[in-house]
Amino acid sequence: MTGRPAGGGPAAPGDTADLVVIGAGVVGAAAAYFAARSGLRVTVVDRGPLAGGTSSAGEGNLLVSDKEPGPELDLALYSQRVWREDLAEHAGLWEFESKGGLVVAASPKGAGPLAALLREQRARGIEAVDVARDELRDYEPRLSPDLAGGAYYPQDAQVQPMLVVAHLLRMARLAGARVLTDTEVTGFLRAGERITGVRTGRGRLSAPAVLNAAGTWAGAVAELAGVRVPVLPRRGCVLVTQPLPPVIRHKVYAAEYVSDVASSDAALQTSPVVEGTRAGTVLIGSSRERVGFDREVPPTVLAALARNAIALFPFLASVQAIRGYLGFRPYCPDHLPVIGPDPRAPGLWHACGHEGAGVGLSVGTGKLLAQALTGRPTDLDLAPFAPERFSPPTEPPTDPSTDPSTDPPTDPPTEGNEPSPTTR
Amino acid sequence: MRAAGDPVADVAVVGAGPAGLAAAAEAAAAGLTVVLVDAGERPGGQYWRHGPHDDGPPGGHGRRTFAALRAGLTRTRTRTLFGHQVWLVQRDADRFTLHLRPAHDTVGPGTRALTARSLILCPGASDRQLPVPGWDLPGVMAAGGVQALLKGSGTLAGRRAVVAGTGPFLLPVATGLAAAGAEIVMVCEANPLRGWLRDPGGALREPAKAVEGAGYAALLARHAIPYRTRTAVTEIRGEDRVRSVRIAPLGRDGRPRGGVRIEVDADLVALGWGFTPSLELPLMVGARTRVDTDGSLVAVVDDRQRAGVPGVYLAGEATGVGGAALAVREGRLSGLAAAADLGRAVDEGRVRRLQRAVRRGRRFATALHTACPVPPGWTDWLEASTIVCRCEEVTYHDLCHAARDLGARDPRTLKMLARPGMGMCQGRVCGFATAQVAAALTGRSPQAGDLLALARRPLAAPVALSEIAALDETAANEEN
């Protein structure tokens with residue numbers, strides 16, 4: 001199948017594969033890559049172009065520093081090994097940069113919880129260095145002198161996520177996979193309870209296994225199969241500055257970012273995340289809001305992003321922003337991704353709900369899934385990520401009248417996302 | 001920041017070119033309170049551009065119209081805010097808040113806000129450019145840029161010029177340069193340009209245009225300017241600056257005919273491939289879009305220039321490139337429509353006459369677009385090393401790699417993987433070319449959605465972070 005054009009041709013009637021992957025984002029691409037390399041015949045379908053959704057709307061972070069101890073941290077550490085060992089030879093293709101993360105506390109009050117988190121993280125195998133107040137500017141000379149202290153995480157790294165998607169899919173094609181973009185899944189093929197493939201706008205695809213890697217739109221795909229996977233959109237905005245000479249070396253963020261990431265509050269949260277890119281632009285985040293798929297960003301969000309960034313790096317006050325972009329993190333109520341087979345619909349698998357960590361966690365997710373799909377023992381226990389954990393009635397009901405994020409996910413992932421190649 | 005007690009205007013008009021001046025004059029004459037904003041220091045826009053020392057009406061076509069519109073603004077004491085550009089528009093239930101900053105100050109915290117009940121956007125257009133080997137050499141300019149230099153400061157950008165591209169705009173550029181003392185080596189028009197003046201649906205109903213064309217023909221003859229149709233500049237040569245250009249005849253399919261090339265010496269190349277409407281503000285307030293006959297993304301309006309968003313009107317090039325005369329008609333119509341929608345009495349007979357005039361002008365513009373397409377084979381003259389995006393130094397080879405090896409099938413994915421349009425200009429220069437290259441490489445013509453992804457810009461202009469940080473205070477003021 002490698003002779004096909006990169007975008008793929010139409011699915012011929014009666015097409016078969018071992019695995020159909022729904023979603024050509026970073027998680028789908030990683031799953032396709034590892035599955036194809038494990039000998040499976042893989043077909044990837046996406047209703048839009050590759051990386052058309054959240055994969056192209058982030059910053060490309062591979063972080064361990066922002067993870068509290070638990071299954072997500074285990075997956076992050078596992079993914080670190082996949083990025084740095086299994087995929088080491090390809091690191092240059094996607095501009096892998098082991099830049100390190102610097103977490104700063106604005107006040108002694110914030111430094112306490114940071115120190116406590118640090119102790120727990122170290123116990124789970126994260127490398128972290130205490131940074132005293134007067135050492136901060138050795139790491140980042142332009143930091144505000146008013147900060148109380150911080151921690152340095154050498155494992156934090158960054159990639160250019162769209163290049164990750166494009167190259168993983170390219171290498172998957174070299175291993176026999178097929179990629180069909182502009183191909184929407186409209187339903188599932190079934191034999192009794194069992195899922196046996198998908199119906200698409202271009203024909204049927206038969207496969208004994210179908211992987212739902214549709215990101216923020218995975219809930220709608222699961223619904224087509226008659227199962228509930230509560231993936232909700234959590235909006236984030238990023239401001240991008242004019243290109244500058246290299247001034248910010250690490251990913252720099254405030255200690256309260258960790259608690260914001262873990263929070264389930266629907267209201268707006270902003271905490272400063274600032275980092276330079278290879279292109280010279282500086283990316284300024286972060287915001288979290290549950291407002292459905294609303295693309296209209298209130299000026300108060302932009303103002304908070306700018307103000308927070310200036311508090312960390314005062315020189316940014318006179319730097320120009322040239323654009324902004326937004327995306328919708330695929331968020332599950334318990335902040336854990338959904339990975340593994342779905343016993344409620346045999347033949348259906350999920351790899352979705354990675355929230356803001358999808359790029360970092362993608363390759364670990366893909367490798368583990370390939371192991372499970374080929375009947376091998378997985379390097380990491382998938383039980384904490386099991387899809388059936390959402391089966392009613394264990395799930396607390398959400399009130400649709402107050403929760404705007406239960407809007408039907410009708411916004412196509414392929415339209416209007418601000419392209420963001422600087423987001424590495 | 002908006003001063004406390006600053007009044008809410010009935011209408012804010014953004015852009016003081018032909019469309020915006022006409023819109024502001026009509027709205028004010030109908031009794032609305034109007035505020036007119038423009039990034040330039042004086043009214044007139046790109047078309048009625050002022051000379052360096054001249055405070056009176058500029059020369060050129062329609063100067064009487066310009067003088068009358070400006071007198072109307074003076075008479076109605078219309079509030080004007082020149083030298084300011086709008087970088088963000090906020091739409092609330094019953095009003096719009098425009099955030100503005102000084103257009104020529106890059107660092108100062110100069111942001112201010114103004115509010116209005118309705119909005120007439122007349123943002124105009126910028127030069128549409130197609131890359132060609134050597135186009136990044138000093139001495140190569142967009143035709144509109146050459147014209148602006150000439151009109152704005154009387155500066156002659158070179159002594160020996162080649163003017164190339166397509167469309168009637170090449171004529172005033174060439175004759176303007178010649179009148180200022182430059183030698184015009186050749187005007188290269190890519191299209192045959194025979195039929196359109198005889199097109200009964202177009203030019204004959206616009207006699208002024210035919211007269212204008214005849215005038216340029218006389219000027220070309222007087223300055224002995226060689227004018228060649230079906231030719232294009234396919235390569236620009238030089239080390240530190242332009243020394244010569246290669247010119248090739250184009251076949252019926254728009255592709256350079258093999259083997260035949262002439263090379264002429266020149267120190268200035270003016271390239272004009274039409275114009276790209278500036279859609280940042282229309283898109284920011286929710287205007288819908290379509291692909292126009294000339295391949296540009298334009299905003300959709302109804303027969304009263306309404307954008308389909310309550311209180312928003314659009315006039316001029318943003319609704320489709322059509323020139324100054326059409327822009328004035330659309331501007332007048334939008335001003336009257338805004339007044340009528342706010343309950344003022346307007347002359348409906350006049351509205352109908354303007355609607356007819358707009359339709360006539362639009363038919364002419366469409367005929368012109370049809371007669372002056374970008375040659376379909378233009379990407380053939382690109383070399384692997386030709387820069388397509390100057391800001392990010394993206395070459396044609398980079399785009400080919402992203403399309404052929406990495407699976408980019410549309411302009412947006414091409415942009416994400418190869419970075420064209422990601423730099424300071426945000427694709428304002430290379431967006432059209434990138435979309436065309438994507439189409440040529442993938443055999444998939446650009447869809448409105450593809451162009452939209454390249455045109456949407458959440459910040460309409462670069463703005464200091466301190467000014468964005470101050471948006472909160474503005475919002476707080478609005479609520480008080």
Side-chain angles (χ1 to χ4, degrees), chain A residues 5-8 24 48-52 56 160-163 165-167 169-170 173 179 181-182 237 239-243 279 281 284 296-311 316-326 412 414-422, chain B residues 87-88 90-91 97 99 106-109 113 283-284 286 391-392 402-427 442-444 449-450 452-454 456-459 461-476:
Chain A
L50 53 92
S56 57
Q160 207 276 38
M162 282 70 72
L163 289 176
V165 175
H167 281 287
L169 288 175
R170 181 184 58 80
R173 286 197 302 272
V179 181
T181 49
D182 295 316
C237 303
L239 284 171
V240 185
T241 71
Q242 66 191 97
T281 55
I284 294 171
E296 240 178 82
V297 179
T300 46
V301 175
L302 301 178
L305 292 178
R307 204 173 41 238
N308 290 343
I310 293 168
L316 288 175
S318 60
V319 168
Q320 289 190 320
I322 58 172
R323 69 164 187 278
Y325 60 87
L326 61 86
T414 57
E415 278 182 22
N417 273 340
E418 170 72 4
S420 52
T422 55
Chain B
W87 58 273
L88 192 72
Q90 201 181 333
R91 179 157 60 99
T97 305
H99 300 274
T106 53
V107 287
L283 292 176
M284 202 178 272
C391 299
E392 293 291 317
R404 291 184 183 140
D405 306 328
L406 299 183
R409 310 270 307 149
D410 60 277
R412 177 183 176 267
T413 310
L414 209 53
K415 176 175 169 178
M416 294 193 314
L417 292 172
R419 298 189 57 79
M422 298 298 294
M424 262 326 260
C425 93
Q426 287 292 291
T442 64
R444 173 186 184 277
D450 297 338
L452 190 60
L454 303 180
R456 192 179 269 143
R457 297 183 185 101
L459 300 172
V463 57
L465 284 164
S466 57
E467 292 172 86
I468 298 177
L471 275 174
D472 263 2
E473 299 164 41
T474 317

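Each chain gets a letter, A, B and so on, in the order the sequences are listed, and its residues count up from 1.
Inter-residue side-chain proximity for A:P299 and B:L88 is flagged as met; some heavy-atom pair is nearer than 4.5 Å. Counting heavy atoms from C-beta on, the side chains of A:P243 and B:M424 come closer than 4.5 Å. The closest side-chain heavy-atom distance from B:R457 to A:R323 is not below 4.5 Å. B:R409 places a side-chain heavy atom less than 4.5 Å from the side chain of A:T181.
Interatomic distance, SG of B:C391 versus CD of A:Q242, reported as 12.5 Å (0.5 Å rounding). To the nearest 0.5 Å, atoms CG (A:L50) and CG (B:L406) are separated by 8.5 Å. If you take CD on B:E392 and OG1 on A:T281, they are separated by 8.0 Å, rounding to the nearest 0.5 Å. Interatomic distance, A:M162 CE to B:T413 OG1, rounded to the nearest 0.5 Å: 10.0 Å.
In terms of heavy atoms, B:M416 sits closest to A:A51 at CE-O, 3.8 Å. Here the closest heavy-atom approach between residue A:A279 and residue B:R419 is recorded as CB-NH2, 3.2 Å. When all heavy atoms of A:A317 and B:A464 are compared, the pair lying nearest together is O-CB, 3.7 Å. The two residues B:L471 and A:A303 make their nearest non-hydrogen contact at CB-CB, 3.9 Å. Looking at every heavy atom in both residues, B:L459 comes nearest to A:I322 through CD1-C, 4.1 Å. Here the shortest heavy-atom pairing between A:A306 and B:A469 reads CB-N, 3.7 Å.
Only the side chain of A:I284 comes within contact range of chain B, with at least one heavy atom under 4.5 Å from a heavy atom of that chain. Looking at A:I310, only its side chain comes within 4.5 Å of chain B, counting heavy atoms on both sides. The part of A:L239 that comes within reach of chain B is its side chain, from C-beta onward, which places non-hydrogen atoms under 4.5 angstrom from that chain. Only the side chain of A:D182 has a heavy atom closer than 4.5 Å to any heavy atom of chain B.
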